[in-house]
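Values below: every heavy atom of this structure, side chains too, minus hydrogens, waters and symmetry copies. By convention here, the first residue in the shown sequence is residue 1.
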Amino acid sequence: MGRISSSDAQPGNGKNFPTVSAKFAPYSWRTRRHGACTGRLLEVTMRKSARAQGTNRISLFFIVGAAAAIAAFSQIGCGGAGGNIGPAGIRESGQSRMMDKTFAGANVCNPKNHARPFVIEWDATDMSSFEARASKDVVVVQYEGCELRVLEGCRPSTPGNFGTYRSPDWTAGSLESIDVSNQGELYAKLPLGVASLGGRVEAGEQFKMEYYVSGTTSATREELTRAEIANVAACKGATHFVYGYNLGAFALGSKSEIKGEVGGSAWGFGAGGSTRNSAKADKKGGDLSVCKGESMREVSGCKTPVRLTLRELSDAQDPAAAARNLVDTPSAKSLAGKLKADTDKEKAALVHFTDANRKMSARDGKGCLADLDKHDKLDPRPDGLSSNPKAQIAGIRAQCIMLSGQCDAGKVLMRKVQEMYMSSYGDEVIDRMVESIAKDKCQGGKRSPRDELLYAWNQLQVSAQTNADCAAADATVKRLRPVVKPTDESDTTITSMEFSYNDMLATCYIRAKDCPKAWEAFEKIEEATQRKRFDEQPHFPGQAPYKSYVRTIFEGRFKKCKGR
């Protein structure tokens, strides 16, 4: 079954050439029907194979393989319109999608075979967008065939509730290279590059890619479940999450454009900026010329996402619920077994406590609470329970409750914890201490206007890392500053905002590495608050005009932006 013979020859064709039996007719007849050139290619290819095998019998495996090759060639040699899929199962080129349903067609771009794709299709905007998303939450994607799409709106209402990413582990890597000489190598090594490079590779062009990994980061969760994201409409179609990603730089281009290697590198690795081939790279991420030795830790040009590690979404239950269902092992029934089991539990509990601490640092409140639940189940001694205010570990639970979007509940527990250790300082000091913690940890969920304002202020001061975060914090401060009143004259956190707001906003944009935006924000606020005062003051001869005067102040305060 699955073979054809000369007795199946099509009548009237004048040649004893085999055709596909009725059972497999769609693969040949649809191909022939959508172009004479494709039909001729299929006929020639099948004839050559038959002669090589010394027989007129051709296996179904060969027919499928030939059909795949013809589908690709027909788009290039016969003026096909590309590989985009249209409705009704037909590609825009007119080719059938039947090949996609075969084993060969389905597996050539099977995500299961490519769980660590290079992101060579991303431009600078895509990279910065990904980094902004990854700074707050685990990134969820739709990964099908040779296409990967970041689901921008697939995020929890409270940042970090799907997990977050740990701080990068920086490594002293080495330069690696990939050569792509044919379509098979392209699919195997750079599946996300098929859309833009496939036609050129089929036409005989060869490519070389060099990449350098300066560091790597991974998610605080080992898995993300479908149940966790089910209530977010924008997560529809999600298949994977980005478990981790490599940072560094890469460059890819046609071998025909490489005129000579720089220090053994085609794209200028370690050349300190002397990269004559760099401008001719078809795809770039970061700057290979600055990646060398340990110095990449201080060089932002070698900290671009270059490769992802993807994991499929899990069908398991929510991990927070699973943490509450731990049971004793059978060995605990005997005294000796129970002693060993208790010791093992304590060790396991310590692991969960350590993981909870790390997830708190990574701002994964929900994941932190899940680990604390596991800790308390494994080691239920009253003085060590994270829910007991007398236990020091309770301070971690309080912060993780805030991070998970439950600000008030977290503050209640934190106040009880502080009372255990700071009762002699009085209620006012304890309130200030709790509020100081809350302004950093209270995110998402329902918050009082004061908590929301303090969180946004903390973003401007120390936390925000992107222009978008700075702009969001700025909008919140502007909206709530007139509404939230100081509790009394000692409430300097609120009263000082008016005087330091300009500097805080500019500092935020400088932290986001955007001096022009910092200057724009600084100048705008100065214009609104200081211009009238400047104009009313007496001026000495030759005094600089207002804008130059403000620019001098700006560059004096923010020396990083001098001349920028």
Side-chain angles (χ1 to χ4, degrees), residues 128-129 131-137 155 157-160 164 167 300 360-363 365 399 402-403 405 407 410-411 431-487 490-530 550-551 553-562 564:
S128 60
S129 177
E131 289 177 296
R133 289 283 295 107
S135 68
K136 294 182 178 180
D137 296 291
R155 63 185 75 179
S157 56
T158 298
T164 56
S167 299
S300 58
M360 181 187 71
S361 298
R363 306 187 71 82
Q399 294 179 71
M402 295 178 198
L403 286 169
C407 186
K411 288 167 68 176
D431 285 340
R432 290 285 184 267
M433 179 65 70
V434 172
E435 189 171 78
S436 176
I437 296 171
K439 73 179 182 181
D440 176 52
K441 299 297 191 294
C442 279
Q443 58 180 17
K446 186 178 180 180
R447 293 172 287 175
S448 69
R450 182 183 176 89
D451 286 332
E452 192 176 356
L453 173 60
L454 292 178
Y455 179 79
W457 187 249
N458 190 67
Q459 288 282 298
L460 288 180
Q461 282 185 306
V462 296
S463 299
Q465 300 294 326
T466 66
N467 280 4
D469 288 341
C470 293
D474 177 30
T476 300
V477 172
K478 286 179 179 175
R479 173 171 57 86
L480 293 177
R481 202 175 70 182
V483 176
V484 178
K485 304 301 181 184
T487 55
S490 66
D491 190 3
T492 56
T493 303
I494 301 299
T495 57
S496 65
M497 286 184 181
E498 179 181 356
F499 306 103
S500 58
Y501 179 55
N502 199 8
D503 284 355
M504 288 303 101
L505 182 57
T507 298
C508 191
Y509 283 117
I510 292 171
R511 197 164 54 249
K513 302 177 182 178
D514 193 338
C515 282
K517 188 67 178 177
W519 161 243
E520 178 187 332
F522 185 89
E523 182 187 24
K524 185 176 181 180
I525 296 176
E526 287 289 313
E527 176 76 25
T529 59
Q530 303 298 326
V550 174
R551 182 70 194 189
I553 294 175
F554 174 78
E555 292 187 348
R557 292 181 187 175
F558 309 108
K559 292 181 172 54
K560 286 184 178 180
C561 292
K562 190 171 183 177
R564 297 173 61 188

Chemist: So, are Asp431 and Lys411 salt-bridged, with charged N and O less than 4.0 Å apart?
Modeler: no
Chemist: In terms of side-chain geometry, is the basic nitrogen of Glu435 or Lys439 positioned less than 4.0 Å from the acidic oxygen of its partner?
Modeler: no
Chemist: Please walk me through it: do Asp451 and Lys446 pass salt bridge (Lys or Arg N to Asp or Glu O under 4.0 Å)?
Modeler: CA-CA 10 Å; Asp451 286 332; Lys446 186 178 180 180; over 6 Å; no
Chemist: I would like to know whether Thr507 and Leu460 meet side chain to side chain contact (heavy atoms under 4.5 Å, CB included); could you show each step before the answer?
Modeler: CA-CA 7 Å; Thr507 298; Leu460 288 180; over 6 Å; no
Chemist: Do other residues, nucleotides or ligands put more than 12 heavy atoms under 6.0 Å from the CE atom of Met497?
Modeler: yes
Chemist: Distance-only, no hydrogens or angles: does the Arg447 side chain make a donor-acceptor pair with backbone N or O of Leu453 under 3.5 Å?
Modeler: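 Looks like no, no N/O pair under 3.5 Å.
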Chemist: Main chain of Gly160, side chain of Asp137: is a donor-acceptor contact present, judged purely on distance under 3.5 Å?
Modeler: yes
Chemist: Within the distance-only criterion (no hydrogens, no angle test), does the side chain of Arg511 pair as donor or acceptor with the backbone N or O of Ala464 below 3.5 angstrom?
Modeler: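 Confirmed, Arg511 side chain pairs with Ala464 backbone.
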Chemist: So does Gly556 get a backbone contact from the side chain of Lys559, meaning a donor-acceptor N/O pair under 3.5 Å?
Modeler: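 Yes; at least one donor-acceptor contact below 3.5 Å.
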Chemist: Is there a donor-acceptor pair closer than 3.5 Å between any side-chain N or O of Gln465 and the backbone N or O of Ser463?
Modeler: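 Yes; at least one donor-acceptor contact below 3.5 Å.
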Chemist: Any side-chain donor-acceptor pair under 3.5 Å between Asp469 and Gln459?
Modeler: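 Short answer, no.
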Chemist: How are the rings of Phe554 and Phe522 set relative to one another: parallel (under 30°), tilted (30 to 60°) or perpendicular (over 60°)?
Modeler: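 If you compare the ring of Phe554 with that of Phe522, the planes turn out tilted.
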Chemist: Run Glu520 and Lys524 through salt bridge (Lys or Arg N to Asp or Glu O under 4.0 Å) and show every step you take.
Modeler: CA-CA 6 Å; Glu520 178 187 332; Lys524 185 176 181 180; over 6 Å; no
Chemist: Using a 4.5 Å cut-off on heavy atoms from C-beta on, say whether the side chain of Asp440 contacts that of Arg363.
Modeler: yes
Chemist: Taking Thr495 for its side chain and Asp491 for its backbone only, find out whether a donor-acceptor pair lies under 3.5 Å.
Modeler: yes
Chemist: Give a yes or no on this: more than 12 heavy atoms of other residues, nucleotides or ligands lie within 6.0 Å of atom NZ of Lys136.
Modeler: no
